[in-house]
Amino acid sequence: VQLQASGGGLVQAGGSLRLSCAASVRTFSSYAVGWFRQAPGKEREFVAAISWSGSTNMYADSVKGRFTVSRDNAKNTVYLQMNSLKPEDTAVYYCAADPLGYGSGASYNYWGQGTLVTVSS
């Protein structure tokens, strides 16, 4: 399974970005997907997750109410809509897929390459 994250960029505080995670596998609809981020000098942290069907979502407290994860299984793509961005959201964002688990504690066997989000104050 190959994952391609895209959509990062430079945005002012309060702005929005939508990240995409495109998968190469036709059975992508069988995978739960998580979004993670890693800021400079910090450990990678969980951001959001979506179940294989899209019926269940999970968010880190730091992004709850601002970020929304969704998926279009017909396009093999998961999205992360990020609104009201803050400078502390600056990080490299990664998507990851897991065929068995879901949520912040899943194994996430497959990872994308990451896309950089920079939020200026």
Side-chain angles (χ1 to χ4, degrees):
V1 178
Q2 291 186 332
L3 303 175
Q4 179 77 33
S6 62
L10 174 63
V11 63
Q12 288 187 333
S16 298
L17 281 174
R18 188 177 79 159
L19 306 184
S20 298
C21 176
S24 61
V25 64
R26 287 191 298 174
T27 57
F28 189 53
S29 59
S30 300
Y31 291 74
V33 173
W35 285 97
F36 296 78
R37 67 186 181 186
Q38 187 165 20
K42 295 187 177 181
E43 293 189 353
R44 186 174 63 198
E45 64 175 357
F46 170 79
V47 175
I50 187 166
S51 62
W52 63 271
S53 65
S55 62
T56 308
N57 301 331
M58 179 185 293
Y59 298 95
D61 288 343
S62 58
V63 307
K64 204 171 292 183
R66 300 187 298 121
F67 290 12
T68 302
V69 60
S70 62
R71 68 189 301 160
D72 184 341
N73 284 336
K75 296 183 178 180
N76 281 358
T77 303
V78 170
Y79 304 98
L80 184 68
Q81 178 67 44
M82 306 185 297
N83 298 329
S84 301
L85 283 161
K86 304 175 181 180
E88 52 263 43
D89 294 319
T90 295
V92 177
Y93 284 71
Y94 300 89
C95 60
D98 191 315
L100 299 176
Y102 160 73
S104 59
S107 298
Y108 293 111
N109 313 70
Y110 309 100
W111 289 80
Q113 85 292 354
T115 184
L116 176 62
V117 172
T118 303
V119 184
S120 63
S121 57

Item to check | 4.5 Å side-chain heavy-atom contact, Ser70 and Gln81 | outcome: no
Next on the checklist: Donor-acceptor check, side chain of Ser55 to backbone of Ser53, threshold 3.5 angstrom: yes or no?
Outcome noted: no
Checklist entry - For the atom pair OG (Ser6) and OH (Tyr93), what is the distance rounded to the nearest 0.5 Å? => result 15.0 Å
Checklist outcome for this item: So side-chain hydrogen bond (donor to acceptor under 3.5 Å, both in side chains) across residues 12-30, not counting sequence neighbours, yields Ser16-Asn83
Checklist entry - Of all residues at least two apart in sequence or in a different chain, which pass the side-chain hydrogen bond (donor to acceptor under 3.5 Å, both in side chains) check with Gln2? => result none
Next on the checklist: If I take atom CG from residue Leu116 and atom CG from residue Leu10, how far apart are they, to the nearest 0.5 angstrom?
Outcome noted: 9.0 Å
Item to check | Ser84 backbone acceptor or donor facing Arg66 side chain under 3.5 Å | outcome: yes
Checklist entry - Below 4.5 Å, heavy atoms only, C-beta onward: do Leu80 and Val47 meet side chain to side chain? => result yes
Checklist entry - Do Phe28 and Arg71 come close enough that some side-chain heavy atom pair is under 4.5 Å? => result yes
Item to check | Heavy-atom side-chain proximity of Tyr31 to Val1 below 4.5 angstrom | outcome: yes
Checklist entry - Does one hydrophobic cluster hold both Leu3 and Tyr102, with members joined at side-chain heavy-atom distances below 4.5 Å? => result no
Item to check | CZ-CG distance between Phe67 and Asp89, expressed to the nearest 0.5 angstrom | outcome: 4.0 Å
Checklist entry - Roughly how far apart are Leu17 CG and Met82 CE, rounded to 0.5 Å? => result 4.5 Å
Checklist entry - Going hydrophobic residue to hydrophobic residue with side-chain gaps under 4.5 angstrom, can you get from Tyr110 over to Val69? => result yes
Next on the checklist: Salt bridge check, Lys64 against Asp61: does any charged N sit closer than 4.0 Å to a carboxylate O?
Outcome noted: yes
Item to check | pair Tyr79-Leu19: side-chain heavy atoms closer than 4.5 Å | outcome: no
Item to check | Distance, nearest 0.5 Å, that separates OG of Ser51 from CG of Asn57 | outcome: 6.5 Å
Next on the checklist: A side-chain contact here means heavy atoms from C-beta on lying under 4.5 Å apart; do Gln38 and Glu45 qualify?
Outcome noted: no
Checklist entry - Do the side chain of Tyr108 and the main chain of Gly103 share a donor and acceptor less than 3.5 angstrom apart? => result yes
Checklist entry - Do Cys95 and Trp111 touch side chain to side chain, with heavy atoms closer than 4.5 Å? => result no
Item to check | Connected via hydrophobic side-chain network under 4.5 Å: Val33 and Tyr94 | outcome: no
Next on the checklist: With rounding to the nearest 0.5 angstrom, report the CG to CG distance, Asp98 to Asn109.
Outcome noted: 5.0 Å
Item to check | Worked verdict on Gln113 versus Gln4 for side-chain contact (heavy atoms from CB on, under 4.5 Å) | outcome: CA-CA 7 Å; Gln113 85 292 354; Gln4 179 77 33; 3.2 Å; yes
Next on the checklist: Is there a continuous path of hydrophobic side-chain contacts, each under 4.5 Å between heavy atoms, that joins Val25 to Val78?
Outcome noted: yes
Checklist outcome for this item: Shortest non-hydrogen pair, Ala13 vs Pro87, comes out as CB-CD, 4.1 Å
Next on the checklist: Test: ring pair (Phe, Tyr, Trp, His ring centres under 6.0 Å). Region: residues 38-61. Which pairs qualify, not counting sequence neighbours?
Outcome noted: Phe36-Phe46
